[in-house]
Amino acid sequence: MIEDARVLREEFVPREVEHRDGEVTHLSGMLEPVTRGEPADTAVITGPSGAGKTCIARYTVGRLREQHLDVRSQYVNCWQNYSRFRALYRILEGLGKTVDIHRRSTPHDELLDRLRRYDGPPCVVVLDEVDQLEALDVLYDLHSLPAFSLVLIANREAELFARADERLTSRLRGSETIGFDRYGLDELASILAARARWGLTADAVSTAQIRTIADAAAGDARVGISILRSAARKADRADRETVTDDLLEEAIPAGRTAVHRKNLETLTPHQRALYDAVDEVGAIEPAPLYEAYRERVDDPKTDRTVRNYLAKMVQYDLLVAEGTSRDRVYRVADPTTGHAASTAPHATDDDR
DNA sequence: GTTCCACTGGAAGACTAGGTTT
DNA sequence: AAACCTAGTCTTCCAGTGGAAC
């Protein structure tokens, strides 16, 4: 019953987008100088997860490139490319200029020098999850290169600017923020219906089921699509022509936890041991947590390293840290709500 | 109110892995 | 083959913070 799995993938960008005309127009307008070969002001896109930030940015930039052959673009996910080196590397990669750059023996500045010497058509760089960058000064450097126009995507603007120093703030002064809100129920339902229409056989999912998914996703398109994908896969494996309501019930929690589980898979064995130690008891103080961690691994890292791991997992919404000092407690984050869970619900192993 | 101290997180430097140069 | 780079990871050291105990 799945006809085109690509449509149900997270990173899929549709040919036409819905319900975001204002945002598309706004971003297009901001990028308009690029079509004349001039640098555009930095655009900042903010909003909750699953509000269509990434999709709209890629769609708008893609459309710009269709209309103007003399524009290039590169998408950088700062979650995966969180260091200065990797972020710059990804941009060069998009320009096809990395052939002789090797990860280990090329100094930082060589990458920036190459970007500086770039004299091709103007390039729009989309930096997604920009708040995951460990050092924001790379934004300052990129901003000083007229050939590159920036689109920054972040969950919350305030947190991003709180980390920016004086130099960067003054550079970003000319930037404009495009705020995205959660999708409404009807909006999300029509987005999901379109995905079902493109990706699944006719009548595989009923209108009522689409609304059920949209309702469960609470305005988060990523979650909605994840649930739809999970339901379709379950039906596919069960050799059914349509999604039954029973399968859909199962797919809702599976779809919701998909993102959470994906993050878990990126953890190193040591980090995973830490997470498991918290998960086992639900909530734990730092000292006993470190002890529990030491018992779980062969060659434990120092407590300072463990604190770095914990901070990283908190940033990834895998753990929640409560209290600032002696009252600090670590909890597992509840994948279904994003908040701390008193008892940890374990992800059902599905959606694969 | 004062002191204590578990905990946090910044800074600096050592170590490791992988690459280049001589 | 040895000497030398570099980025990324981890450790060492430590100042600062703010609940908890007195």
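Chain identifiers are assigned alphabetically (A, B, ...) following the order of the sequence lines, protein sequences preceding nucleic acid strands; residue numbering begins at 1 within each chain.
Atom P of nucleotide dG9(B) and atom CD of Glu134(A) are separated by 16 Å, given to the nearest angstrom. Here dA6(B) presents its P atom at 21 Å from CD of Glu322(A), a figure rounded to the nearest Å. Following rounding to the nearest Å, Glu110(A) (CD) and dG19(B) (P) show an atom-to-atom distance of 17 Å. Separating the OH atom of Tyr309(A) from the P atom of dG8(C) is a distance of 16 Å, rounded to the nearest angstrom. Across the protein-nucleic acid pair, Phe85(A) atom CZ and dG18(B) atom P stand 15 Å apart, rounded to whole Å. Whole-Å rounding puts the His270(A) NE2 to dG8(C) P distance at 20 Å. Note: CD (Gln271(A)) to P (dT9(C)) measures 10 Å, nearest angstrom. One interatomic measurement links the two molecules: CZ of Arg328(A) to C1' of dC5(B), which rounds to 16 Å at whole-angstrom precision.
Between Tyr89(A) and dT6(C) there is no side-chain polar atom (N or O) within less than 4.0 angstrom of OP1 or OP2.
Residue pairs that meet the salt bridge (Lys or Arg N to Asp or Glu O under 4.0 Å) test with at least one member in residues 190-215 of chain A, sequence neighbours left out, are Asp186(A)-Arg211(A).
Here the closest heavy-atom approach between residue Met30(A) and residue Asp41(A) is recorded as CE-O, 4.0 Å.
Classified by interplanar angle (parallel below 30°, tilted 30° to 60°, perpendicular above 60°), the ring pair Tyr309(A)/His270(A) is tilted.
Under the side chain to side chain contact (heavy atoms under 4.5 Å, CB included) test applied with Thr60(A), the options Val126(A), Val17(A), Val13(A), Val24(A) reduce to a single match, Val24(A). Results of the side chain to side chain contact (heavy atoms under 4.5 Å, CB included) test with Leu289(A) over Val281(A), Asp303(A), Leu310(A) single out Leu310(A) as the only residue that passes.
With the 3.5 Å cutoff on both pairing distances, Watson-Crick and G-U pairs in DNA chain C assemble into runs of at least 3 at B:1-22 with C:1-22.
Nucleic acid contact class of Ala287(A) (heavy atoms, under 4.0 Å, all strands): sugar-phosphate only. Tyr290(A) comes within contact range of no nucleotide atom at all, as no heavy-atom separation falls under 4.0 Å.
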Practice problem: Encode nucleotides 11-22 of chain C as B, S and - characters from 5' to 3', where the letter depends on protein heavy atoms closer than 4.0 Å: B to the base, S only to sugar-phosphate, - to neither. | Solution: BBB---BBB---
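Under the 4.5 angstrom side-chain criterion for Ile, Leu, Val, Met, Phe, Trp and Tyr, the cluster partners of Phe12(A) are Val7(A), Trp198(A).
Counting only distance, with no hydrogens or angles, the side chain of Asp141(A) and the backbone of Leu139(A) share no donor-acceptor pair below 3.5 Å.
Not counting sequence neighbours, the partners of Glu18(A) by the side chain to side chain contact (heavy atoms under 4.5 Å, CB included) test are Ser190(A), Ile191(A), Ala194(A). By the ring pair (Phe, Tyr, Trp, His ring centres under 6.0 Å) test, Phe148(A) is found to be paired with Tyr118(A), residues two or more places apart in sequence or in another chain being considered.
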